Protein chains: 2
Amino acid sequence: MKILIKNCNLISMAEKREKYEEGIDILINNDRIEKVDKNINIKDYDKLINADGKIVMPGLINTHAHVPMSIFRDTLDGYGLQEWLNEKIWPMEDNLNEEDIYYASLLSYLEMIKSGTTCFNDQYFMTDAIIRAATEVGIRAHCTRTLMDINGGMEERLNELEGLINKHSNNDMVTINVGIHSLYTCTKECVERAVELAKKYNLYVHMHFAENSQELEDIKKIHNTNTPIDLLEKYFKDVHLVLAHCVKVKQEEMNKIKGLDLNVAHCPVSNLKLGCGVAKIKDFIENEINVSLGTDGQGSGNNLDMFEVMSYTALLQKGINENAKLLPAYEVIKMATRNGAKSLKMQSKIGSIEEGKKADLIIINLESEKTQPINDIFSNIVYNTRGNNVETTIINGNIVMENGKINIENEKEIYKKCNSIINRLA
Amino acid sequence: MKILIKNCNLISMAEKREKYEEGIDILINNDRIEKVDKNINIKDYDKLINADGKIVMPGLINTHAHVPMSIFRDTLDGYGLQEWLNEKIWPMEDNLNEEDIYYASLLSYLEMIKSGTTCFNDQYFMTDAIIRAATEVGIRAHCTRTLMDINGGMEERLNELEGLINKHSNNDMVTINVGIHSLYTCTKECVERAVELAKKYNLYVHMHFAENSQELEDIKKIHNTNTPIDLLEKYFKDVHLVLAHCVKVKQEEMNKIKGLDLNVAHCPVSNLKLGCGVAKIKDFIENEINVSLGTDGQGSGNNLDMFEVMSYTALLQKGINENAKLLPAYEVIKMATRNGAKSLKMQSKIGSIEEGKKADLIIINLESEKTQPINDIFSNIVYNTRGNNVETTIINGNIVMENGKINIENEKEIYKKCNSIINRLA
């Protein structure tokens, strides 16, 4: 299938191109971007998209999510993190079945595709159902079977994870990673076995780290250390590491981690809502640590709109550091695209619009009351564009949403189903 | 004109009603809410609105805006506050004409009405054009002629303001207030004359205060004091005061202002973007100081979506204070409605849905991928609902937007016009 996109305004995020170009055509051939140029005049396309005056940019990459947690949206008010997990979430999670996971995941994919996210990095369980839903809607999935063994279960979870790794080793749309819940819920042995698995299959490790102060105290006890930050070098020296949150990593600790292959998945909305604080993104960047963005689950992260996450990211660093010049808009877009691809070891395939890369891209319409007039296009994307400005979403060369119309039948049935799940569990 | 709204889910924000009620009818008679009850069975209505399964709540009140600044959206990236004003904004403002102000205001009203704001508190100049546009679209306007005399012009601005006060004294939809730009741009004499005017006509004073540290330093010099906070009691002891920002009011200064008739218009997005910081809303509330919400102008505040402002307000206090339990969602909705009405001395007329009050209300559709499932309705409104969930906006008994269709012809012409203004000025 050949798709020709005509006359768009391009934010390619490619290092070798201008940051912003007008009047560009893009030719997609099957799953790949074949050509990006002015005036591509071919006749044998299967589909023509007129993008006159519209923005085309890479699909957004959400590097920390728990997609089935869509059903736990708005359950947090009045709770602290530990109470919320103990009293609300974990008891409900114990009663989830595969069908619940499937529908809850579908709801999240609706959100993602409608708001321009084309790839996500997940951490949950009953992973088959998550992948089944992802495959049906055509979204690029990075999944795992989360490891957590503080109350046992290490062997069976490691086995389940290795099974997933083998099952999907040739799946172009699904990548399995080694998900370690956290150092406060995993024993030393479990962490070491997980790292072995990551090395054996050349996969990255995806883990929560330093989300709040309580977590660090718990790590100290379980791993018998006074300096949890030192465990990163101790356990993860030779693996690619995606760490969600890192709110409580201090400025003076940056030198302890800057030599590692460490990527921070920054989830600003969730960190605020759970009362954790604001991660020192400015300092990570100054220490050349790769920062990508994530939503976290909807229970804490509200929604999966990565445009909102971009806005929160930029505004918080400016506000907290009392410096309006920090984090120029273009850098924030990079976090949501190229840096996300780097986090997920996918930089040769996604994260920018370049010839030879996968065709994961979105078309944005800025003709709306919140996005006009246009004074600076990058600021407009970060501060004023929202998910609902995304008109068309293309993943792996497939049009999964066109002019707001998505390939998922009966959205309202999914809402109903998710309401009935939560009513049953509550 | 009688409008009957049938079978809504009501968040009335009325003190005397339940916080949330299902299956409620609302009868609007001309500009007033005549009845709020189950099963209102009248036949002589002019318009029936079926609100089955939809939320009805009071229109949102934006207590700090600069509506013509819509055209300066996205001009801030890379600038600090003072540079931005000196190098970008003020030179452009010098070249604005009445027609520019009119169209720039229309764009803001489009944003407001589409996102459920029914009343705003403005501070700008060329006020006739702002009011003309407001009157045409039917939005409730609180306007002023901003006073600022550090470079002269006191008498003519005071005269202009008094002219506006007299002109609109019987205008049900337009209220003039006494807008003092700030204590760093106004002399003692100007402030005193402004307060006299406020007392003479029983109006409130609307002023920027303690937005950032530089401002406080400038106030110290101009008003010859070491404690700018003390000026509030000195100048404004007997007037109703709406203070935008108050970011730099310290916890230990609360006791100096809690006895005043002082209302804080909190603008969290703008405060972050300008690198000012986060106002201590938790402390204002603990000291029983009324806090309402505002967007500020779009140059700093991104957009005029008060749902986003609610979300930022709640999340920031939880995050900064590292306490997820702070600011329950219902309290935040109160800030955007009832507290806003109190700020603007309008609590007997607007801010809640009650019999006898003005019919300023909105109908919200929560059948969207970001707002489902519904676990807690107030959290849903604060954290997940956005302006684009607002379907219908009624102001003073007039339907100014119905099912997303607004009474403003040719929105795209307004976008074009605003782009051409900014191109001319830049």
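Just so we're clear, the structure is a prediction, and the values are computed from it rather than from any experiment. All heavy atoms count here, side chains included; hydrogens, waters and symmetry mates do not. Order of the sequence lines fixes the chain letters, A, B, ..., with proteins taken first and strands second; residue numbering starts at 1 for each chain.
For the residue pair A:Leu272 and B:Leu315, the shortest heavy atom distance occurs at CB-O, 3.4 Å. Between B:Ser379 and A:Asp77, the closest heavy-atom pair is OG-CB, 3.3 Å. Residues A:Ile320 and B:Ile320 approach most closely at CD1-CD1, 3.4 Å, considering heavy atoms. When all heavy atoms of B:Asn375 and A:Ile422 are compared, the pair lying nearest together is OD1-CG1, 2.9 Å. Here the closest non-hydrogen pair linking B:Gly80 and A:Ala324 is CA-CB, 4.2 Å.
Every residue two or more places apart in sequence or in another chain that forms a ring pair (Phe, Tyr, Trp, His ring centres under 6.0 Å) with B:Tyr312 is listed here: A:Tyr312. Residues forming a salt bridge (charged side-chain N to carboxylate O under 4.0 Å, His left out) with A:Glu111 (at least two apart in sequence, or on another chain): A:Arg73. Qualifying salt bridge (charged side-chain N to carboxylate O under 4.0 Å, His left out) partners for A:Glu215, counting only residues two or more places apart in sequence or in other chains: none.
Between chain A and the options B:Glu83, B:Lys416, B:Lys417, the largest number of non-hydrogen pairs under 4.5 Å is found for B:Glu83.
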Might you work through the side chain to side chain contact (heavy atoms under 4.5 Å, CB included) test for B:Arg386 and A:Arg386, ending with a clear yes or no?
CA-CA 10 Å; B:Arg386 293 290 178 269; A:Arg386 293 290 177 269; 5.9 Å; no
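Within the 4.5 angstrom heavy-atom criterion, only backbone atoms of B:Thr371 (N, CA, C, O) approach chain A. Of the two parts of B:Val382, neither the backbone nor the side chain holds a non-hydrogen atom closer than 4.5 Å to a non-hydrogen atom of chain A. Residue A:Ser420: no heavy atom, backbone or side chain, is found under 4.5 Å from chain B. With a 4.5 angstrom heavy-atom cutoff, B:Asn302 touches chain A via backbone and side-chain atoms both. Both the backbone and the side chain of B:Cys418 come within contact range of chain A, judged by heavy atoms closer than 4.5 Å. Using a 4.5 Å cut-off between heavy atoms, A:Lys273 contacts chain B through both its backbone and its side chain.
A salt bridge links B:Glu322 to A:Lys248: one of the charged nitrogens lies within less than 4.0 Å of a carboxylate oxygen.
The side-chain tip of A:Lys325 does not point at the ring of B:Tyr79 from less than 6.0 angstrom away and within 45° of straight on.
Applying the side-chain contact (heavy atoms from CB on, under 4.5 Å) test between B:Pro373 and each of A:Asp74, A:Ile414, A:Asn419 identifies A:Asn419 as the sole match.
The interface of residues 101-110 of chain B with chain A, defined by heavy-atom distances below 4.5 Å, comprises B:Leu107, B:Leu110.
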